[in-house]
Enquirer: 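So that we are looking at the same thing, I have put the structure below in structure tokens.
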2 protein chains.
Amino acid sequence: MNIGIASERSGLPSKTIRYYEDIGLVRPARTGSGYRDYSPIDIHELRFLQRARSLGFSVDECRQLLSLYQDRNRESADVKAIAEAKVAEIDRKIAELASLRRLLNHLVEHCQGDDRPDCPIIDELAGEGTAH
Amino acid sequence: MNIGIASERSGLPSKTIRYYEDIGLVRPARTGSGYRDYSPIDIHELRFLQRARSLGFSVDECRQLLSLYQDRNRESADVKAIAEAKVAEIDRKIAELASLRRLLNHLVEHCQGDDRPDCPIIDELAGEGTAH
DNA sequence: CTACGGGTTCCAGTAGCTGGAAGGTCAAGC
DNA sequence: GCTTGACCTTCCAGCTACTGGAACCCGTAG
């Protein structure tokens with residue numbers, strides 16, 4: 001499966017896929033003529049990377065996440081600890097997205113068409129120092 | 001309130017805060033001697049940016065999000081449409097995080113200490129083409 | 001065998017910071 | 001008033017994670 005198809009199936013531009021190979025994330029096989037040849041597993045790893053990157057994980061974090069299921073000897077407590085830390089991080093991100101969503105929704109519902117100088121959201125935000 | 005405090009309260013490094021001023025996101029007042037002077041509203045905008053950036057929104061998207069509550073005349077349907085699109089995007093991100101979380105959790109629970117050559121997760125992933 | 005839509009490498013540029021140098025500000029203590 | 005040290009300023013260079021472009025190679029269809 002060459003890079004165009006891999007791009008289509010993973011949702012990543014070819015450029016990015018080549019870059020991920022450069023930095024050692026997903027290393028496809030090569031055909032006799034030098035074309036990259038992606039396996040279904042490669043594709044899933046690329047999809048996984050696409051998801052994780054779009055959700056705010058750094059490339060290095062993605063490398064960790066990726067190693068979690070690339071690692072055939074998933075026996076160490078270290079690996080489990082990393083996975084659990086990532087799960088906690090994901091939970092935090094979900095909570096923050098939910099709060100961001102509430103904020104925007106509130107905005108849409110309560111402020112639209114309102115031309116008073118101060119919006120209730122702004123007031124609420126300006127009133128406190130550390131919350132959310 | 002000068003930049004050190006702003007950094008502390010927003011969770012953003014001073015460097016980043018100055019950068020955000022450079023690109024026109026949050027423009028604080030200045031004291032007579034040239035120090036940046038952040039208002040509570042500025043702080044909330046910085047916190048907002050910190051959250052949104054860490055959740056994978058680009059700086060340009062953050063600029064849009066920010067304008068939603070900076071805009072005193074929030075009357076246009078355009079603005080509402082942007083906010084609603086962002087809410088949809090957030091929902092998508094939440095769903096993806098949830099799926100990523102399930103994946104990792106499954107991994108932690110079912111693969112740990114397993115030294116068979118193939119992990120159930122890998123098998124499952126390799127088996128399908130387009131789904132989650 | 002030529003066209004052309006892929007692929008390849010390499011190099012340069014962009015976005016979003018991040019570190020460091022060189023120097024100005026301010027409150028505390030002598 | 002003067003010094004010290006933490007904190008501020010600008011500016012410039014470097015880094016991460018791509019992204020675009022040039023120049024060239026591969027493979028199939030006509």
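Every chain is numbered from 1 and lettered A, B, ... according to where its sequence line falls, protein lines coming before strand lines.
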Enquirer: Does C:dC11 have its OP1 or OP2 closer than 4.0 Å to a side-chain nitrogen or oxygen of A:Arg18?
Expert: no
Enquirer: If we only count heavy atoms from C-beta on, is the B:Leu66 to B:Arg63 side-chain gap below 4.5 Å?
Expert: no
Enquirer: Provide the closest heavy-atom pair for A:Leu46 versus A:Ala6 in the form atom of the first, atom of the second, distance.
Expert: CD1-CB, 4.3 Å
Enquirer: Taking five pairs at each end, how big is the angle between the two axes of the helix from C:dC1-D:dG30 to C:dT14-D:dA17, to 10°?
Expert: 10°
Enquirer: Identify the heavy atoms of A:Ala52 and A:Cys62 that sit nearest to each other, and give their distance.
Expert: CB-SG, 3.6 Å
Enquirer: Any side-chain heavy-atom pair from A:Arg47 and A:Ser10 closer than 4.5 angstrom?
Expert: yes
Enquirer: For nucleotides 14-20 of chain C, read 5' to 3', which letter fits each nucleotide if B means a protein heavy atom sits under 4.0 Å from the base, S means only the sugar-phosphate is that close, and - means neither?
Expert: --BBSBB
Enquirer: Could you measure the distance from the CD atom of A:Gln50 to the CD1 atom of A:Ile43? Nearest 0.5 Å is fine.
Expert: 12.5 Å
Enquirer: To the nearest 10 degrees, how far apart in direction are the end axes of the helix from C:dG16-D:dC15 to C:dC30-D:dG1, each fit to five base pairs?
Expert: 20°
Enquirer: Minimum heavy-atom separation for A:Ser58 and A:Glu61, please, with both atom names.
Expert: N-OE1, 2.8 Å
Enquirer: Does anyone know the first and last nucleotide of DNA chain D in reach of chain B, 5' to 3', at under 4.0 angstrom to a heavy atom?
Expert: D:dC7 to D:dC11
Enquirer: Does A:Asp37 use its side chain to pair, donor to acceptor, with the backbone of A:Met1 at less than 3.5 Å?
Expert: yes
Enquirer: Run the side-chain donor-acceptor check on residues 14-27 of chain B: report pairs under 3.5 Å with partners two or more places apart or on a different chain.
Expert:
from: B:Glu21; atom 1: OE1; to: B:Arg36; atom 2: NE; distance (Å): 2.4
from: B:Glu21; atom 1: OE1; to: B:Arg36; atom 2: NH2; distance (Å): 3.4
from: B:Glu21; atom 1: OE2; to: B:Arg30; atom 2: NH2; distance (Å): 3.1

Enquirer: Quick check for you: to the nearest 0.5 Å, what is the distance between A:His44 atom NE2 and A:Arg9 atom CZ?
Expert: 9.5 Å
Enquirer: Is A:Tyr35 reachable from A:Leu12 through a run of hydrophobic residues whose side-chain heavy atoms are each under 4.5 Å from the next?
Expert: no
Enquirer: To the nearest 0.5 Å, what is the distance between CD (A:Glu45) and OG (A:Ser39)?
Expert: 7.5 Å
Enquirer: side-chain contact (heavy atoms from CB on, under 4.5 Å) between A:Phe57 and A:Glu89: does it pass, once the steps are laid out?
Expert: CA-CA 10 Å; A:Phe57 289 100; A:Glu89 204 175 329; 3.7 Å; yes
Enquirer: Say you draw a straight line from OG of B:Ser99 to CD1 of B:Ile94; how long is it, rounded to the nearest 0.5 Å?
Expert: 13.0 Å
Enquirer: What integer distance in Å separates A:Tyr38:OH from C:dG7:C1'?
Expert: 11 Å
Enquirer: Over all heavy atoms of both residues, which pair between A:Leu100 and B:Arg51 is shortest? Give the atoms and the distance, please.
Expert: N-NH1, 3.8 Å
Enquirer: Between protein and nucleotides 24-27 of chain C, what N or O pairs are separated by less than 3.5 Å?
Expert:
from: C:dG24; atom 1: N2; to: B:Tyr35; atom 2: OH; distance (Å): 2.8
from: C:dT25; atom 1: O4'; to: B:Tyr35; atom 2: OH; distance (Å): 3.1
from: C:dT25; atom 1: O3'; to: B:Ser33; atom 2: OG; distance (Å): 3.4
from: C:dT25; atom 1: O2; to: B:Tyr35; atom 2: OH; distance (Å): 3.4
from: C:dC26; atom 1: OP1; to: B:Ser33; atom 2: OG; distance (Å): 2.7

Enquirer: Check whether any side-chain heavy atom of A:Tyr38 sits under 4.5 Å from a side-chain heavy atom of A:Ile3, and report yes or no.
Expert: yes
